[in-house]
Amino acid sequence: MTPVKFGVGQSVVRKEDDPLIRGKGRYTDDHAPAGLLHALVLRSPHAHASFTIDVSKARHLPGVAAILTGEDTADLGSLPCLFNLPDEPFTAPPYPILARDKARHVGDAIAFVVADSVDHARDAIEAIDVKWQPLAPVIGAANAIKPGAPLVWTEHPGNVLFDTSIGDKAKAAAAFKNAHAVAEVSIVNPRVVTNYMETRAVVCEYDAKRDHFTMTIGSQGSHRLRDILCQNVLNIPTDKMRVIANDVGGGFGTKLFPYREYALAAVASRKLRKSVKWVADRADHFLGDSQGRDNITTARMALDKDGKFLGMDVDLVADMGGYLSTFGPYIPHGGAGMLPGLYDIQAFYCRVRTVFTNTVPVDAYRGAGRPEAAYVVERLVDAAARKLGMSPDAIRRKNFIPPRAMPYKTATGKVYDSGDFTAHMKRAQDIAQWKEFPKRAKAAKKAGLVRGIGMSTYVEVCGTMGEETADVRLDPNGDVTILIGTQSTGQGHQTAYAQLVAEQFGLSPDRVHIVQGDTDRVATGLGTGGSSSIPSGGVSVERATRKLGARLKDIAAEVLEAGAGDLEISNGTIRVAGTDRTITFADLAKRPGIDPSKLSASEKFSSVDGTFPNGTHLAEVEIDPATGVVRIMNYVIVDDFGATLNPLLLEGQVHGGAAQGIGQALMEQAVYDPEDGQLVTGTFMDYALPRAADAPSFIFETHNIPCATNPLGVKGAGEAGSIGSCAAVVNAIIEGLSREYGIEHIDMPATAERVWMAINQSQQRAR
């Protein structure tokens with residue numbers, strides 16, 4: 001069958017890019033209603049401290065319109081945690097809109113200043129009198145669970161929110177009892193900061209006549225924000241608020257949540273009867289936005305003499321920070337369900353503890369628990385291979401779940417619907433010339449360098465956000481408009497959804513218009529997260545378009561005096577097959593007496609079981625032992641995404657995710673001073689992000705096997721690059737260091753300093 005131009009599978013260039021590169025994008029900070037006031041947040045300089053606050057002097061400074069403190073917001077609800085354990089429910093501590101009496105991390109918000117300019121607001125911030133009484137902080141999950149550690153919340157002894165488990169402890173213990181050998185790794189998955197290009201911002205306009213708010217926010221989901229702000233914080237009906245998200249410059253999970261500044265802008269706007277804008281600077285982002293990862297994990301694998309995995313045991317401690325963010329506790333618990341990876345491991349047990357520390361709260365960051373799980377199991381598998389003297393590909397091949405076993409239920413209850421894991425691993429090895437690596441390693445050694453090669457084979461679960469609805473409408477001019485509750489933050493939704501319409505209607509992308517991010521125009525929406533937009537939203541768009549096509553054919557059948565089954569749609573025209581009798585979409589839409597309801601269709605879809613994308617990342621690195629500098633020389637990715645909607649968009653998503661994973665593997669880490677809790681890496685002077693020179697020229701292919709549980713056959717792809725990358729890079733580094741120096745462990749980030757120190761210490765021990 002000839003592919004439809006602009007349809008599914010075509011590398012259609014992103015339609016949203018043209019206005020953006022011409023400077024016609026409209027981000028939250030571009031929105032400036034008349035009479036706008038500007039706001040800043042006063043944040044705690046202490047990680048743990050009680051305080052009193054006096055704003056009387058600051059309130060009388062020039063230009064100051066209002067100052068809100070914890071006392072002024074005491075009647076507001078807390079920011080909620082939307083996850084709890086079904087069998088062992090916990091009580092979440094309050095997450096107040098402004099801290100009252102006590103701060104629990106550096107950056108904790110204690111006052112909100114509104115003035116006629118940012119400069120006047122800053123003057124007022126400096127004039128606020130705060131009396132601090134510093135308390136001992138606890139920094140780091142390992143320190144938090146030590147006996148006698150300072151308590152973040154007295155209601156949670158030992159700083160533990162919950163201590164639970166998944167899997168079968170007795171079965172796993174029996175496997176280890178009968179093991180020929182046991183491989184073990186103890187690793188740190190460091191905390192990272194999202195650092196999207198566009199910082200968070202909000203503009204709130206209040207209509208006193210209607211007692212109604214209009215909020216413009218750069219977010220990943222307008223409806224979720226509206227509902228939480230109204231129902232949980234402001235205690236008002238949802239019809240009293242409209243939330244609009246225009247262009248959004250990156251999200252990565254972190255913009256999915258409600259934050260304090262949104263509620264504060266609403267309170268101030270209603271109090272002053274004026275529009276209020278707050279825009280984060282980069283310091284606000286480092287200290288006020290949820291951070292990611294931050295796990296300490298010990299994992300063991302029981303092995304038989306041939307390298308077969310008999311059982312797996314994991315102890316996971318996850319840092320939640322000073323408060324519980326929206327989905328914070330779910331991230332380690334949900335991620336633990338993916339710890340068995342691609343392997344046939346029947347005996348599995350994992351203890352999961354979540355703990356409080358005096359740091360910024362932790363929540364979902366691209367992958368949300370699945371990158372952490374993949375990193376643990378892939379580091380452990382390589383350790384198992386070294387333990388038995390096997391190659392990393394051989395031990396994986398022996399333990400992969402075979403295609404014939406699909407659908408396969410893991411020991412944690414996940415059901416993989418499809419996949420051929422050996423096939424994509426082999427293809428990645430072939431592309432990377434795996435067998436020829438010893439020659440390249442020998443040549444590097446002659447040049448005084450160390451080559452390393454490593455792989456990571458991963459699986460993740462995604463597309464489980466819930467039910468997404470798409471409304472597809474025929475416009476009077478014959479174009480098509482899609483209203484949907486997902487939210488693009490740079491992924492290319494306008495192009496992808498237009499291709500689904502093109503597949504059935506033959507319309508070019510410029511004739512398909514997408515409406516997202518407006519709670520007044522779009523009835524419902526889950527937002528974008530968990531790689532759900534195409535697996536759920538895409539199915540809804542495809543089905544709604546198909547339904548609309550059937551309705552249009554019914555109308556056209558009367559006009560063209562033909563049976564609906566004899567009609568075909570192409571390029572916005574309905575034709576009687578084999579004839580020149582046609583009617584355009586535009587003419588159809590304008591016909592008198594047409595029931596408007598026949599010119600639109602709505603469908604919904606929920607991916608209850610999720611989708612399970614999987615693949616192989618293979619990295620080859622070169623290490624300079626004199627400096628510890630690591631360079632990525634080759635990077636190959638072969639993924640199974642079920643089906644490809646747009647190869648160009650897909651490759652961009654994978655490249656971006658892999659670059660973020662490489663950043664975490666080699667340089668990114670949020671470092672807190674263990675003594676006073678200061679965020680040492682609170683600016684770009686100290687927090688390293690990968691630049692163009694740090695990223696390799698990726699080689700990317702797909703080895704797709706259609707998803708059996710998704711009508712489009714697709715498996716989510718937005719987070720996959722970040723899930724497979726960290727372990728591939730670190731395994732490659734360890735392979736080289738192990739071969740040359742006997743070094744079998746290094747934690748992320750594998751900075752030049754850490755690598756050099758590991759080599760230096762190894763050489764000193766060898767003397």
Side-chain angles (χ1 to χ4, degrees), residues 9-17 20-21 192 194-198 248-253 292 365-367 370-371 374-375 424 427-428 431-432 454-458 460 462 488-496 499 528 531 533-534 613-621 630-668 688-704 714-730 732:
Q10 303 300 300
S11 291
V12 178
V13 176
R14 287 164 45 110
K15 61 177 290 186
E16 45 268 88
D17 286 347
L20 295 178
I21 62 177
V192 293
T194 303
N195 279 313
Y196 22 62
M197 292 179 68
E198 181 207 17
V248 182
F252 310 117
Y365 168 63
R366 199 170 192 168
R370 289 102 74 200
Y375 183 67
H424 56 62
R427 179 56 183 157
I431 297 170
M455 65 169 62
S456 169
T457 53
Y458 78 92
E460 65 145 327
C462 58
S488 177
T489 58
Q491 298 93 330
H493 288 184
Q494 291 196 28
T495 303
Q499 287 182 256
T528 290
S531 302
S533 292
I534 300 306
N614 55 90
T616 297
H617 285 229
L618 196 154
E620 188 170 330
V621 302
V630 176
R631 294 175 58 217
I632 299 177
M633 309 304 294
N634 189 22
Y635 201 105
V636 177
I637 306 170
V638 181
D639 282 320
D640 174 5
F641 291 130
T644 300
L645 176 54
N646 181 317
L648 194 62
L649 293 181
L650 178 63
E651 189 165 1
Q653 285 286 293
V654 172
H655 285 187
Q660 284 183 301
I662 288 169
Q664 184 179 356
L666 296 180
M667 62 195 72
E668 289 191 54
L689 286 176
R691 303 182 181 186
D694 299 306
S697 180
F698 297 103
I699 301 172
F700 169 67
E701 285 188 8
T702 55
H703 182 87
N704 287 337
V714 300
K715 303 170 183 177
E719 297 160 291
S722 66
I723 293 169
S725 47
C726 288
V729 173
V730 177

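Because the structure is a prediction, the values reported are computed rather than measured. Side chains are part of it too, since the values below use all heavy atoms of this structure and drop only hydrogens, waters and symmetry mates. We count residues from 1, following the sequence as given.
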Looking at every non-hydrogen atom in both residues, tell me the closest pair between Ser531 and Ala717 and how far apart they are.
CB-N, 4.1 Å

Check step by step if side chain to side chain contact (heavy atoms under 4.5 Å, CB included) holds for Ile534 and Gln491.
CA-CA 11 Å; Ile534 300 306; Gln491 298 93 330; over 6 Å; no

Between Phe252 and Asn195, is there a side-chain heavy-atom distance shorter than 4.5 Å?
no

Can you check whether Asn634 reaches Leu618 side chain to side chain, under 4.5 Å on heavy atoms?
no

Heavy-atom pair of closest approach, residues Ala659 and Pro690:
O-CG, 3.8 Å

Mark yes or no for whether Arg14, through its side chain, and Gly490, through its backbone, hold a donor-acceptor pair below 3.5 Å.
yes

Residues Val714 and Ala643: closest non-hydrogen pair is CG1-O, 3.8 Å

Counterpart residues, salt bridge (Lys or Arg N to Asp or Glu O under 4.0 Å), relative to Glu719 (two or more places apart)
Arg370

Here the gap from Gln653 atom CD to Arg366 atom CZ, rounded to the nearest 0.5 Å, amounts to 5.5 Å

Is it true that a side-chain atom of Ser456 and a backbone atom of Gly724 form a donor plus acceptor pair closer than 3.5 Å?
yes

Minimum heavy-atom separation for Pro696 and Ile662, please, with both atom names.
CD-CD1, 3.7 Å

If you define the side chain from C-beta out and look only at heavy atoms, does anything of Glu16 sit under 4.5 Å from Gln494?
yes

Could you pull out the closest heavy-atom pair between Val638 and Thr702, with the gap in Å?
CG1-C, 4.4 Å

Step-by-step side chain to side chain contact (heavy atoms under 4.5 Å, CB included) determination, Val729 to Val630
CA-CA 10 Å; Val729 173; Val630 176; 5.6 Å; no

Can you check whether Asn614 reaches Lys715 side chain to side chain, under 4.5 Å on heavy atoms?
yes

Let me confirm one number: the OH-NE2 distance from Tyr458 to His424, rounded to the nearest 0.5 Å.
7.5 Å

Over all heavy atoms of both residues, which pair between Thr616 and Ala428 is shortest? Give the atoms and the distance, please.
CG2-CB, 3.7 Å

Take Tyr365 and Val192, measure what side chain to side chain contact (heavy atoms under 4.5 Å, CB included) needs, and give me the verdict at the end.
CA-CA 9 Å; Tyr365 168 63; Val192 293; 3.6 Å; yes

Quick check: do Ile723 and Pro613 have side-chain heavy atoms less than 4.5 Å from each other?
no

Okay, side chain of Asp640, backbone of Gly615: is any donor-acceptor separation there less than 3.5 Å?
no

With a 3.5 Å distance limit and no angle check, can you tell me whether Thr644 reaches the backbone of Asn646 through a side-chain donor-acceptor pair?
no

Distance, nearest 0.5 Å, that separates CD of Glu668 from CG of Leu689
5.0 Å

Report the distance from atom CD of Gln10 to atom OG1 of Thr495, rounding to the nearest 0.5 Å.
13.5 Å

Evaluation steps, side chain to side chain contact (heavy atoms under 4.5 Å, CB included), between Leu666 and Asp694:
CA-CA 9 Å; Leu666 296 180; Asp694 299 306; over 6 Å; no

When rounded to the nearest 0.5 angstrom, what is the spacing between OG1 in Thr489 and OH in Tyr196?
10.5 Å

Say you draw a straight line from CD of Glu701 to CD of Glu651; how long is it, rounded to the nearest 0.5 Å?
10.0 Å

Do Pro371 and Cys726 touch side chain to side chain, with heavy atoms closer than 4.5 Å?
no

Indicate yes or no: at least one non-hydrogen side-chain atom of Leu650 is less than 4.5 angstrom from one of Phe641.
yes

